[in-house]
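Side chains included, hydrogens not; waters and symmetry mates left out as well; all remaining heavy atoms used. Note that the coordinates shown come from a computational prediction; the quantities given were computed from them, not determined experimentally.
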Amino acid sequence: GYGHTVPLSDGGKAFCVIYSVIGIPFTLLFLTAVVQRIIVYVTRRPVLYFHIRWGFSKQIVAIIHAIVLGFITVSFFFLIPAAIFSVLEDDWNFLESFYFCFISLSTIGLGDYVPGEGYNQKFRELYKIGITCYLLLGLIAMLVVLETFCELHELKKFRKLFYVKKDKEDDQVHIMEHDQLSFSSISDQAASMKDDQKANEPFVTSQSPTSNDSSLNN
């Protein structure tokens, strides 16, 4: 969070803490769900299409696609907005506007540059809403680009260098524990099935000896 609007009362500060604890995880879940759906149409399907349709190497297509996507994102969410902010904000030049875009979309948010703070600015409320939409779309675009680069084969190899290697003995212990759990669950299921069969069997009423004798006499 950045800006000059902050809670001053104790109740406002307490509400801000509670709202942040609830809102931040839901915001992350929302962004993750949106990015996972967008990346299917923006990254995976185009790479697969060029790989199958034109026969290019999948790794080369993925690298070129990631570079092109990164260039488009930088152009539409950094360079062009920086030029627009430098025109709309009287005290900002292009470098300061680009600095604001980078600090905001990288979720640093220092708060030293805040757009739309002039009260004499025209359409100030609409300007604030537009900035909010820009920040939301920019965060989604940044996450899509990062996820696209993370799916590259070369970066996957690089990430494996930092993975913690598991010992074989630990793996065997986990396998044995899994087998024991599976065997115990199977035996429990078999015992419960036997109990159900016994419970579902029809009751056999035994006839008394007197009734048998009377039926023989007749």
Side-chain angles (χ1 to χ4, degrees), residues 1-9 12-13 15-44 46-47 60-152 154-155 158-159:
Y2 58 85
H4 307 291
T5 304
V6 295
L8 299 177
S9 63
K13 293 176 181 178
F15 174 77
C16 183
V17 171
I18 297 172
Y19 179 78
S20 300
V21 170
I22 299 174
I24 290 175
F26 276 97
T27 303
L28 294 176
L29 289 175
F30 169 75
L31 292 176
T32 303
V34 172
V35 169
Q36 291 298 323
R37 284 163 175 78
I38 291 177
I39 201 171
V40 174
Y41 300 97
V42 175
T43 298
R44 294 172 184 170
V47 171
I60 297 176
V61 173
I63 293 174
I64 296 174
H65 175 268
I67 294 173
V68 172
L69 185 63
F71 178 77
I72 293 173
T73 302
V74 170
S75 300
F76 280 91
F77 290 96
F78 287 93
L79 299 177
I80 295 177
I84 295 174
F85 282 126
S86 63
V87 173
L88 296 178
E89 299 292 332
D90 297 331
D91 300 332
W92 294 10
N93 55 26
F94 182 80
L95 178 60
E96 292 172 338
S97 302
F98 185 85
Y99 169 79
F100 164 76
C101 296
F102 176 79
I103 292 297
S104 300
L105 297 184
S106 60
T107 67
I108 298 174
L110 296 177
D112 48 352
Y113 288 91
V114 180
E117 289 298 314
Y119 291 99
N120 57 349
Q121 195 170 21
K122 294 182 180 180
F123 307 105
R124 183 170 180 268
E125 292 79 9
L126 184 62
Y127 184 42
K128 288 284 189 180
I129 295 174
I131 294 171
T132 303
C133 296
Y134 158 72
L135 294 176
L136 182 60
L137 294 176
L139 285 175
I140 294 174
M142 289 292 294
L143 291 175
V144 170
V145 172
L146 290 176
E147 186 69 21
T148 300
F149 275 93
C150 288
E151 289 189 354
L152 294 178
E154 289 76 12
L155 288 181
F158 180 73
R159 285 187 299 171

Heavy atoms of other groups near Phe94 CZ, more than 12 under 6.0 Å:
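Atom CZ in Phe94 is packed in, count exceeds 12.
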Working for side chain to side chain contact (heavy atoms under 4.5 Å, CB included), residues Phe77 and Leu135:
CA-CA 9 Å; Phe77 290 96; Leu135 294 176; over 6 Å; no
Sequence neighbours left out, what passes salt bridge (Lys or Arg N to Asp or Glu O under 4.0 Å) with [X]? Give chain and number order.
| X | answer |
| --- | --- |
| Glu96 | none |
| Arg124 | none |
| Lys128 | Glu117 |

Can you tell if the side chain of Val74 reaches within under 4.5 Å of the side chain of Val145, non-hydrogen atoms only?
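Side chain of Val74 against side chain of Val145, heavy atoms only: no contact under 4.5 Å found.
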Are the side chains of Ile39 and Glu151 in touch, meaning some heavy atoms are under 4.5 Å apart?
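Yes; the side chains approach each other to less than 4.5 Å.
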Taking side-chain contact (heavy atoms from CB on, under 4.5 Å) as the test, write out the residues that go with [X], two or more places apart.
| X | result |
| --- | --- |
| Ile22 | Ile18, Phe26 |
| Leu143 | Leu31, Val35 |
| Ile60 | Ser57, Ile64 |
| Phe71 | Ser75 |

Could you work out, with ring pair (Phe, Tyr, Trp, His ring centres under 6.0 Å) as the rule, every residue matching Tyr41, not counting sequence neighbours?
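Per chain and number, Tyr41 pairs via ring pair (Phe, Tyr, Trp, His ring centres under 6.0 Å) with no residue.
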Just jot down the ring pair (Phe, Tyr, Trp, His ring centres under 6.0 Å) partners of Phe15, sequence neighbours excluded, or say none.
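If we apply the ring pair (Phe, Tyr, Trp, His ring centres under 6.0 Å) test to Phe15, skipping adjacent residues, the hits are Tyr19.
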Who pairs with [X] by side chain to side chain donor-acceptor pair (under 3.5 Å), at least two apart in sequence or on another chain?
| X | result |
| --- | --- |
| Tyr99 | Asp112 |
| Glu147 | none |
| Thr148 | Thr43 |

I need the [X] [atom1] to [Y] [atom2] distance, nearest 0.5 Å.
| X | Y | atom1 | atom2 | result |
| --- | --- | --- | --- | --- |
| Ser86 | Asp91 | OG | CG | 12.5 Å |
| Phe100 | Leu95 | CZ | CG | 14.0 Å |
| Glu89 | Tyr113 | CD | OH | 11.5 Å |
| Leu88 | Phe123 | CG | CZ | 12.0 Å |
| Phe85 | Phe98 | CZ | CZ | 13.0 Å |
| Thr32 | Ile140 | OG1 | CD1 | 10.5 Å |

Of the non-hydrogen atoms in [X] and [Y], which two are nearest, and what is the gap between them?
| X | Y | result |
| --- | --- | --- |
| Ser97 | Ala82 | CB-O, 3.1 Å |
| Cys101 | Pro81 | SG-CB, 4.0 Å |
| Thr73 | Ala141 | CG2-CB, 4.0 Å |
| Leu136 | Phe30 | CD1-CE2, 4.5 Å |
| Phe78 | Leu105 | CZ-CD1, 3.9 Å |

Quick one: does His65's side chain have a donor or acceptor within less than 3.5 Å of a partner on Val42's backbone?
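Side chain of His65 to backbone of Val42, a donor-acceptor pair under 3.5 Å: yes, one is there.
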